[in-house]
Amino acid sequence: MLQQTQVDRVLPKYEEWLSKYPTLEALAAASPEEVADTWRPLGYNARPQRLHEIACEVVARYGGELPSDETTLRSFKGIGAYTVGAVQSFAFGRRAAIVDTNVARVLFRVFVGRGDRKTTVMEKRIWAMSEALLPRRDVFDFNQALMDLGALVCVARSPRCLVCPMRAICRAYPFNPDLEGPTS
DNA sequence: ATCCAGTGTC
DNA sequence: GACACGGGAT
């Protein structure tokens with residue numbers, strides 16, 4: 001649900017969704033039409049369909065229990081690199097890195113500071129940083145904190161550098177939006 | 001216009 | 001690598 005969709009907008013629908021489909025079995029048992037209808041008006045309407053497909057697949061082949069290994073998770077359509085890390089670290093407590101838009105922005109600003117964040121080489125650097133920084137324990141809290149720093153402090157438009165704990169070492173401080181993007 | 005807990009496709 | 005995929009908020 002959270003793929004390219006703000007937390008504030010997901011939250012009410014998430015509650016409704018889980019109330020209606022408390023288990024993967026329940027989701028699998030529903031019709032695709034009903035699932036699509038429950039999803040509305042969140043966008044990206046391939047997502048409910050894929051979520052339903054995943055539920056059916058997990059029920060059919062994995063006894064209704066979501067597998068935790070990267071290869072199997074990644075084999076589902078709709079689950080990419082970010083979701084694998086999120087499921088592993090948040091749901092299973094595994095030591096797995098995540099990179100979403102928030103983490104990418106934070107790590108890019110703190111450790112790179114300028115240039116284009118969206119090139120493939122930079123994306124790989126950011127993943128490498130996220131993995132290298134991963135603590136031995138408390139990975140759930142670490143990943144959550146990194147995301148929250150990006151969502152609440154190191155925001156896209158007007159980052160709140162004055163209250164940021166990374167300010168002293170941040171390569172993007174003092175923040176200048178002209179130093180970010182393809183043309184720099 | 002830009003951004004948002006991305007991903008699949010060509 | 002570019003592009004499509006949604007809808008809501010700033």
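Residue numbering restarts at 1 for every chain, and letters A, B, ... go by the order of the sequence lines. Values in this document were obtained by computation on a predicted structure and should not be read as measured data.
For A:Leu2 and A:Ile79, each mapped to the nucleotide of DNA chain B holding its nearest heavy atom, the one lying further toward the 5' end belongs to A:Leu2. Nearest-nucleotide positions on DNA chain C place A:Lys118 closer to the 5' end than the other of A:Ala46 and A:Lys118.
In this structure, A:Asp100 atom CG and B:dC3 atom C1' are separated by 13 Å, rounded to whole Å. As rounded to whole Å, 17 Å separates atom P of B:dG8 from atom CG of A:Asn45. Note: CE (A:Met1) to C1' (C:dG8) measures 16 Å, nearest angstrom. The NZ atom of A:Lys13 sits 18 Å away from the C1' atom of B:dC4 (whole-angstrom rounding). Rounded to an integer number of Å, the gap from CG of A:Leu42 to P of C:dC5 is 18 Å. Protein atom CD of A:Gln4 is 9 Å distant from nucleotide atom P of B:dT7, rounded to whole Å. B:dG8 atom P lies 14 Å from atom OH of A:Tyr82, rounded to whole Å. Separating the CD atom of A:Gln3 from the P atom of B:dG6 is a distance of 7 Å, rounded to the nearest angstrom.
The side chain of A:Lys77 contributes an N or O atom lying less than 4.0 Å from OP1 or OP2 of B:dT9. For the OP1/OP2 pair of B:dC4 and a distance below 4.0 Å, the side-chain nitrogens and oxygens of A:Thr101 include at least one atom meeting the criterion. Not one side-chain nitrogen or oxygen of A:Arg40 sits closer than 4.0 Å to the OP1 or OP2 atom of C:dG8.
Looking at the side chain of A:Ala156, the nearest of the listed nucleotides B:dC4, B:dG8, C:dG6 is B:dC4. Between C:dG1, B:dG6, C:dG7, one nucleotide has an atom nearer to the side chain of A:Thr120 than all others, and that is C:dG1. Comparing B:dG6, C:dG6, B:dT2 by their nearest atom to the side chain of A:Arg47 picks out C:dG6.
Shown here for A:Val163 and A:Val153, the closest heavy-atom pair between the two residues is CG2-CG1, 4.3 Å.
Heavy atoms of A:Ala81 sit under 4.0 angstrom from primed sugar atoms or phosphate atoms, though from no base atom. Across all strands shown, A:Glu123 has no heavy atoms under 4.0 Å from either base or sugar-phosphate atoms. Counting any heavy atom pair closer than 4.0 Å across all strands shown, A:Tyr14 reaches no nucleic acid atom. If you check every strand for non-hydrogen atoms under 4.0 Å, A:Gly43 touches a base. Looking at heavy-atom distances under 4.0 Å, A:Arg157 makes contact with a base. A:Arg105 comes within contact range of the sugar-phosphate backbone alone, with a heavy-atom separation under 4.0 Å but no base atom that close. Residue contacts for A:Thr119: at a heavy-atom cut-off of 4.0 Å it reaches no nucleic acid atom on any strand shown.
Rounded to whole Å, the separation between the P atoms of B:dT2 and C:dC3 comes to 15 Å. For the P atom pair drawn from C:dG6 and B:dC10, the interatomic distance equals 16 Å after rounding to whole Å. Remark: the separation of the C1' atoms in C:dA9 and B:dT7 is 23 Å, to the nearest Å.
Ion pairing between a basic and an acidic side chain is recognised when a charged N comes within 4.0 Å of a carboxylate O; A:Glu53 and A:Arg50 show no such pairing. For the pair A:Glu57 and A:Arg61, the salt-bridge criterion is met [side-chain N within less than 4.0 Å of a carboxylate O]. One finds a salt bridge joining A:Glu180 and A:Arg109 here, because a Lys/Arg side-chain nitrogen approaches an Asp/Glu carboxylate oxygen to under 4.0 Å.
Put simply, the side chain of A:Thr5 and the base of B:dG6 share no donor and acceptor less than 3.5 Å apart.
For the residue pair A:Asp116/A:Thr119, the side-chain donor-acceptor check at 3.5 Å is not satisfied.
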Q | Step-by-step side chain to side chain contact (heavy atoms under 4.5 Å, CB included) determination, A:Arg125 to A:Val112 | A | CA-CA 10 Å; A:Arg125 274 188 71 186; A:Val112 182; 3.8 Å; yes

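Of the candidates A:Tyr44, A:Trp17, A:Tyr21, A:Trp39 forms a ring-ring contact (aromatic ring centres under 6.0 Å, His included) with just one, namely A:Trp17.
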